[in-house]
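Read through the structure below, which is laid out as structure tokens, and then see the notes.
Protein chains get the first letters and strands the later ones, always in sequence-line order, with residue 1 at the start of each. Worth knowing before you read on, the calculation uses all heavy atoms, side chains too, and leaves out hydrogens, waters and symmetry mates.
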Amino acid sequence: MELTRLRGFQDLIGPSAETFTFIEDCARRCVERHCFREIRIPLVERIELYDRSTGETSDIVQKQMYKIERPPESDATGAMVLRPEGTPGVVRAYIEAGLDRREPEQRFFYSGPMLRYERPQKGRYRQFHQFGVEVFGRSDALCDAELLVMIEEFRRELGIRLTFQINSIGDALCRPGFREAVLNFGLKHRDELCEDCKQRLTRNPLRLLDCKIDAALVESAPRSIDYLCPGCRAHFDKVKDLLGAAGVEFVENPRLVRGLDYYTRTTFEVISADVGAQSTVIAGGRYDGLIEALGGAPVPGIGFAMGVERLALALETAGRAPKFEVDAAIISIGDAAARKAITVARAMRERGLRVEMLSPERRPKALLGRAAKIGARFAVIIGENEIQKGVVVLRDLRASSQAELPEAQVAETVLAARAG
RNA sequence: GUGAGUGUAGCUCAGCUGGCAGAGCACCGGAUUGUGGCUCCGGUGGUCGAGGGUUCAAAUCCCUUCACUCACCCCA
């Protein structure tokens with residue numbers, strides 16, 4: 001086959017698409033209980049948006065963005081890119097709508113595809129999907145804690161095991177000092193560092209802290225919590241206290257630093273053991289300077305994003321992926337039976353049942369095989385005999401028993417069986 | 001960008017130091033004229049990823065290339 005899908009892109013067919021939708025629906029119900037409002041924003045933005053938010057030193061901006069060739073007659077100015085993450089676009093829309101000045105306190109959720117050019121592997125694709133939330137105009141620790149509580153509610157509803165890691169990386173006041181300390185530590189131990197870490201030293205020294213190779217050395221590296229200013233420390237302590245009050249289990253990870261420039265104070269990652277090396281399924285944190293950096297008012301913010309593909313993997317390995325239940329398959333034998341079948345099916349569907357009409361061109365034997373294969377609980381069989389008697393045959397495919405019923409009772413009987 | 005592994009039927013894979021391309025599952029049909037799952041019998045289905053080389057002979061050995069997978073980097 002020549003016209004295959006592009007590398008790093010995937011087709012979701014049947015069960016995998018349904019698992020996706022299940023996760024999105026679950027997340028939507030959850031955030032709506034927390035009064036988040038939906039926001040839909042473009043897939044394409046100006047390239048500068050990410051330079052100024054995600055960070056020019058980040059891999060995302062340096063090498064992972066899909067740039068769009070713009071038709072010469074286009075009135076757009078400057079380069080355009082397919083969005084590699086959601087937060088900058090949401091912040092841009094928030095500022096552009098004037099909300100930062102009119103009604104700064106807002107909470108939004110979004111859902112959709114993101115695109116990054118990188119080598120695919122388990123749990124990582126070039127087009128992947130994030131469900132994310134952003135809260136603007138709240139700087140209190142209760143807000144931070146409640147986001148994590150919300151994630152815990154979501155986790156519980158999905159029925160999977162996840163672990164929460166949290167940290168504070170300080171703010172504009174204290175982070176520079178911490179960064180400097182890590183840099184000095186790195187320079188001091190330069191000869192012991194792996195090649196990647198030597199690169200990190202110049203690009204983004206904080207990254208050194210989550211290096212896997214130099215893990216032993218990193219044990220003795222400076223810890224962000226020791227450099228927090230009083231304000232940041234009090235904030236972090238409150239977040240932890242509130243999580244305790246809510247009964248959310250978490251581990252404090254002093255080496256947790258996020259890859260994107262805009263994070264301040266609280267950062268967190270939610271990890272699954274079931275999704276391969278890319279084990280972070282949800283991640284986020286506070287970004288108090290971001291809105292101002294993008295030209296808005298000085299409004300604080302915090303948010304997180306979930307990787308839907310990774311959650312789907314976790315759901316599948318946990319055996320929690322949704323099953324597609326078929327209530328009944330309808331088998332008709334002959335033209336008169338087909339006329340009856342169509343009304344029976346319709347009546348059943350009106351009661352909310354999932355009903356698949358089977359082809360009258362195949363033999364009843366093959367159709368019962370088909371009914372079993374699609375996982376139907378019941379088969380409704382209609383032929384000449386049944387029409388004569390004014391009934392239909394309702395066959396329970398699990399119990400292998402059947403009964404003749406008046407057409408009007410079929411839907412009710414199936415509903416009763418489903419409930420019981 | 002770096003490293004490793006894998007490409008043979010729709011799917012999962014076997015195929016030894018070169019010698020007629022196979023199994024299981026799935027699908028279709030039959031045993032059973034209107035009754036599935038189990039069993040038995042039969043059938044459809046292949047450019048052995050692609051190109052080149054060595055050889056009387058290549059799925060097998062050599063070279064090139066492409067694709068996929070996993071890992072690193074980075075990230076959801």
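Taking a cutoff of 4.0 Å between a charged side-chain nitrogen and a carboxylate oxygen, Glu48(A) and Arg52(A) do not qualify as a salt bridge.
Residue Ile333(A) is classed as a base contact, given a heavy-atom separation below 4.0 Å to a base. When heavy atoms are screened at a 4.0 angstrom cut-off, Arg207(A) is found touching the sugar-phosphate backbone but no base atom. No contact: Gln62(A) has no heavy atom under 4.0 Å from any strand. Residue Gln64(A) is classed as a sugar-phosphate contact, given heavy-atom separations below 4.0 Å to backbone atoms only.
Under a 3.5 Å cut-off, the side chain of Asp396(A) and the backbone N or O of Phe378(A) do not form any donor-acceptor pair. The closest donor-acceptor contact from the side chain of Gln130(A) to the backbone of Ser111(A) lies at 3.5 Å or more, if one exists at all. Using modelled atom types, one side-chain atom of Glu386(A) and one backbone atom of Gly383(A) make a donor-acceptor pair closer than 3.5 Å.
In this structure, Lys240(A) satisfies the cation-pi test against Phe236(A), with its NZ or CZ atom closer than 6.0 Å to the six-membered ring centre and inside 45 degrees of the ring normal. Both the sub-6.0 Å distance and the 45° axial angle are not jointly satisfied by Arg126(A) relative to the ring of Phe9(A).
rG51(B) and rG7(B) have their C1' atoms separated by 16 Å, given to the nearest Å. Across rA9(B) and rA23(B), the matching C1' atoms stand 11 Å from one another, rounded to whole Å. One P atom belongs to rG24(B), the other to rC40(B), and the distance between them is 11 Å to the nearest Å. Spacing of P atoms, rU17(B) relative to rG3(B), comes out at 29 Å, to the nearest Å. As rounded to the nearest Å, rA59(B) and rC48(B) have C1' atoms that lie 5 Å from one another. Going from the P atom of rG36(B) to that of rC27(B) covers 15 Å, rounded to whole Å. Between the C1' atoms of rC63(B) and rC16(B), the separation comes to 24 Å (whole Å).
Note on Arg126(A): every side-chain N or O is 4.0 Å or more away from OP1 and OP2 of rC75(B). Put simply, Arg7(A) has a side-chain N or O that comes within less than 4.0 Å of OP1 or OP2 on rC68(B). Taking only side-chain nitrogens and oxygens, Gln121(A) comes nearer than 4.0 Å to OP1 or OP2 of rA71(B). An OP1 or OP2 oxygen of rC75(B) is reached within less than 4.0 angstrom by no side-chain nitrogen or oxygen of Arg310(A).
Mapping Gly284(A) and Lys63(A) onto RNA chain B via the closest heavy atom, the residue that lands nearer the 5' end is Lys63(A). Comparing Arg119(A) and Glu309(A) by the nucleotide of RNA chain B that holds the closest heavy atom to each, the one mapping nearer the 5' end is Arg119(A).
When each of rC28(B), rC70(B), rC74(B) is scored by its nearest atom to the side-chain atoms of Arg362(A), the top-ranked nucleotide is rC28(B).
Between the side chain of Glu118(A) and the base of rC75(B) there is no donor-acceptor pair of N/O atoms closer than 3.5 Å. Residue Gln402(A) places no side-chain atom within donor-acceptor reach of the base of rG36(B), judged by atom type and a 3.5 Å distance cut-off alone.
Taking Phe109(A) as the reference, Phe131(A) meet the ring pair (Phe, Tyr, Trp, His ring centres under 6.0 Å) condition, with sequence neighbours excluded.
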Test log, rule salt bridge (charged side-chain N to carboxylate O under 4.0 Å, His left out), inputs Glu404(A) and Lys389(A): CA-CA 9 Å; Glu404(A) 291 184 345; Lys389(A) 293 204 236 170; 2.9 Å; yes
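A heavy atom closer than 4.0 Å to some atom of RNA chain B occurs in Ala372(A), Lys373(A), Ile381(A), Gly383(A), Glu384(A), these being the qualifying members of residues 370-384 of chain A.
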